[in-house]
There are 2 protein chains.
Amino acid sequence: MSESKSTLYDVGDGMAGCGPIFPEGGFEKNSLRKQVFEHVRGNGSVARSDIARALSISAGSVTGIAAELIAAGLIQEIEDPDREITVRGRPPVALAIVPDSFHVIGIHLANERHSAILTDSIGTVLAETTHSACAPKRPVSDLIDEIILLVTDLLKIAGMALNQISAIGIGIAGLVDHTTGTVAWSPLLSEANVKLAGTIEARTGTPVFIDNDANIVTLAELWFGGGRTNSNFAVMTVEHGVGMGLVLNNRLFRGARGMGLELGHTKVQIGGALCRCGQRGCLEAYLADYALIKEAASALDLTAIGTEKNTMERLSAASKSGDPAAQAIFENAAKYLILGLANIVQLFDPGLIIVSGGHIRYDNLDNIDLGAEAHKLTLNSNINACEVALHAWDGLVWARGASALALSAATDYFTRESR
Amino acid sequence: MSESKSTLYDVGDGMAGCGPIFPEGGFEKNSLRKQVFEHVRGNGSVARSDIARALSISAGSVTGIAAELIAAGLIQEIEDPDREITVRGRPPVALAIVPDSFHVIGIHLANERHSAILTDSIGTVLAETTHSACAPKRPVSDLIDEIILLVTDLLKIAGMALNQISAIGIGIAGLVDHTTGTVAWSPLLSEANVKLAGTIEARTGTPVFIDNDANIVTLAELWFGGGRTNSNFAVMTVEHGVGMGLVLNNRLFRGARGMGLELGHTKVQIGGALCRCGQRGCLEAYLADYALIKEAASALDLTAIGTEKNTMERLSAASKSGDPAAQAIFENAAKYLILGLANIVQLFDPGLIIVSGGHIRYDNLDNIDLGAEAHKLTLNSNINACEVALHAWDGLVWARGASALALSAATDYFTRESR
DNA sequence: AAAATAAATTTACTGTCTGAAGTAAATAAT
DNA sequence: ATTATTTACTTCAGACAGTAAATTTATTTT
């Protein structure tokens, strides 16, 4: 009946290539040129005949498109190292992405520190840097200076120039309109409705794409993590706040008007706990790190010394050494985590939910079968069980997701029709 | 700041044409043939030059496509009755759908009664019929017999034969997989995983399309109701149960695996009220008709005599004549309705939510600004307020929605490429 | 009647992709 | 060794969807 399970894995799945692995055919009417490029990138190295079969297109088209992509310097023929020589017939010629055909930068802007990476066209990280940030709520001009500094530093490390960068992707906490590149609101900015993408584009002369942190984490999963082999999955992020991202048909779903998926502020109790947004009964108010720390401060002797991370670690240690109050806090949070998962399943029906975040490291969630528990709270327990995976990330995931944003845009650009 | 408002209107908006009115261009890569057809149908009567401007395509293409559609008997040139003769230049020639170019049937299957309509290609109802049903949980063969009887009756009334019907759309309560045409579970059926569409297709020789009741109500809004002018909106249905439908970019959103949007069974309270699904804390358990009736039975002297509708009417009368218990019941339900709306806004961010259902007739919701109330429970109150509209439907809406399902499929068929 | 204007049509052309025929390079059978 | 078979890849004519520009048509204004 129920086949749900929880797994804990790390970014980087050891598979060849990067980017989502599209199932045969592909639903959307992307140009064949782009489809072929993405198929090669997704699979690492494939022969023309494989591409034709996988995408259900004619062999002639593949030849023509491959020739164009080779001429453009985007892909190349390679010696396939692990080819079976036992089959007869003309041996296939493997195609692979030319890694240094273009480069992109991915940037994550956060309260405490900014991180940035520089990758080639298959997402290999060539350089990375981290700058600490302190002043919250600064004017735009200050943040832009920080970004430029970050980029300059990164380029110096990589030994490259700005004009060698095809696109810059930026992830920032807050409300971001991806289509217009504006930040409606952010904890980092003292101003509202900032046209951040446009401004940086003007400063750098490079196309800039921007999205919120939940979406870039989701993109990181789609491009480099557990979502690669799934066309439909959700990501639930539990850190300082609670967020989510959704991938439908290998594409990021951003809600009807680009501002949805605020899972942390869906109401799970009328007149419930007070949330930092000022309202009551938000899921976040029962589950996010800051909510647990608030509880810990009143129930235990954990006063607010040290960082959030530090406090969470102490709370976790107390729980593991048998402190009943600490255990109760984590148990209650787990209940609400499961409730959140169940509501995601009920509304979006994904095949996989990746629970991503910092405090799941401290929680003793390994002992709980989250998938089975969430399943108990959903309708029709006998069909379509949803897999739940835990994913404790490292600090680079945000920047990697931002680089995926840039990679995706650069891919569109280089594989567009009638170049 | 907040510009939300609640309005009460009825199906049938008095506008020309039917079907969603697509904004210029159109996002998807539908064939121009289909785009032109849908534009003509959506606007009632338009000249070729208008089409070219509206869809941003060349005039030559419109000429060619219009010629094909005219040759196929799908559209025709008409005398535009209200044309302004004051403009100089060659007068435009209006194009319009040929109403009897094809016909479809829409069927709604429910616990108490089935209804069916027969419409032409612009959705005009040419015949309707209603059969009462009683036995719940019957075998598939019985239900199919009922459907065949319904169709036979309908065709007799319309004076038409089965081979004149291009498609049949069916709406049924339960869990329906639209893509495969199977009913995973339904209160009407004693069996599970029934390939209903295929079986009826075999019996009638006509293409059959099937979806659940929430989706066909949403389709009814998209094709004939308040959603026609909105590309993105949600429908929340409150009747015996609580459901929802979502339209994104003029298309029905069915969740990642076709089984999402079960708003009624999202949890809004841990360990809360017992729902008919057997779990606790479902939104439905606080809001659906059956939940209110259960409360009424214990708090008032309203024993379960008569139909659900009858009981709701008596509860409503008690509330309006000042009974505090009845008023409290409605007030509590309204709170949860608003909570449901807020969660929809938070997750999907639609521009419009249509609240559709029977008991909103009895509730004194007219006095509440639902949009404003829901807005108070959502993040970022100053931007993107969501409009909330009440829509008390009549009994035919379900069948109309089912006919839209058929109309949509027939349109695809007749306007497909290389006929 | 001539000029102006707008709608619709025709024509030549482009880009994308397919399908069929042909070529290339390997193994298996004789 | 030679031939057959198999599979991979290439070439090329053509279908098809669509555009852009020139042309024809129908009407009003001057």
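The figures that follow rest on heavy atoms only: side chains count, while hydrogens, waters and symmetry mates do not. We name chains A, B, ... by the order of the sequence lines, and we start the count at 1 in each one.
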Listed pairs, N/O of protein and of nucleotides 8-12 of chain C, under 3.5 Å:
{"from": "C/dA8", "atom 1": "OP1", "to": "B/Val93", "atom 2": "N", "distance (Å)": "2.4"}
{"from": "C/dA8", "atom 1": "OP1", "to": "B/Val93", "atom 2": "O", "distance (Å)": "3.4"}
{"from": "C/dA8", "atom 1": "OP2", "to": "B/Arg48", "atom 2": "N", "distance (Å)": "3.4"}
{"from": "C/dA8", "atom 1": "OP2", "to": "B/Ser49", "atom 2": "N", "distance (Å)": "2.8"}
{"from": "C/dA8", "atom 1": "OP2", "to": "B/Ser49", "atom 2": "OG", "distance (Å)": "3.2"}
{"from": "C/dT9", "atom 1": "OP2", "to": "B/Arg48", "atom 2": "NE", "distance (Å)": "3.3"}
{"from": "C/dT9", "atom 1": "OP2", "to": "B/Thr63", "atom 2": "OG1", "distance (Å)": "3.2"}

What is the separation between atom [atom1] on [X] and atom [atom2] on [N], rounded to the nearest whole Å?
X       : N      : atom1 : atom2 : result
A/Ile65 : D/dT11 : CD1   : P     : 15 Å
A/Ile57 : D/dT10 : CD1   : P     : 13 Å
B/Arg88 : D/dT25 : CZ    : C1'   : 16 Å
B/Gln35 : D/dG18 : CD    : C1'   : 12 Å
A/Glu68 : D/dT11 : CD    : C1'   : 15 Å
A/Arg33 : C/dT16 : CZ    : C1'   : 9 Å

Results of ring-ring contact (aromatic ring centres under 6.0 Å, His included) for A/Phe348 - residues two or more places apart only: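 A/Phe348 satisfies ring-ring contact (aromatic ring centres under 6.0 Å, His included) with B/Phe348 only.
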Partner set under ring-ring contact (aromatic ring centres under 6.0 Å, His included) for B/Phe209, not counting sequence neighbours: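 For B/Phe209, no residue satisfies ring-ring contact (aromatic ring centres under 6.0 Å, His included) once neighbours in sequence are set aside.
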Per A/Leu32 side chain, nearest of listed nucleotides C/dC17, D/dT19, C/dT27: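 Comparing C/dC17, D/dT19, C/dT27 against the side chain of A/Leu32, the answer is C/dC17.
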Qualifying residues under salt bridge (charged side-chain N to carboxylate O under 4.0 Å, His left out), relative to B/Asp50, sequence neighbours excluded: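 Salt bridge (charged side-chain N to carboxylate O under 4.0 Å, His left out) list for B/Asp50, sorted by chain: B/Arg53.
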N/O (side chain, A/Arg53) to phosphate O (OP1/OP2, D/dA8) under 4.0 Å: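 It does, given that an N or O in the side chain of A/Arg53 lies less than 4.0 Å from OP1 or OP2 of D/dA8.
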Step-by-step salt bridge (Lys or Arg N to Asp or Glu O under 4.0 Å) determination, A/Arg254 to A/Asp211: CA-CA 10 Å; A/Arg254 291 188 170 91; A/Asp211 215 324; 2.6 Å; yes
Contacts of type side chain to side chain contact (heavy atoms under 4.5 Å, CB included), residue A/Glu77, not counting sequence neighbours: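 Side chain to side chain contact (heavy atoms under 4.5 Å, CB included) check on A/Glu77 returns A/Arg48, A/Ile70, A/Val93, A/Leu95.
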Test side-chain hydrogen bond (donor to acceptor under 3.5 Å, both in side chains) applied to A/Ser101 - qualifying residues, sequence neighbours left out: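 A/Ser101 satisfies side-chain hydrogen bond (donor to acceptor under 3.5 Å, both in side chains) with A/Ser121 only.
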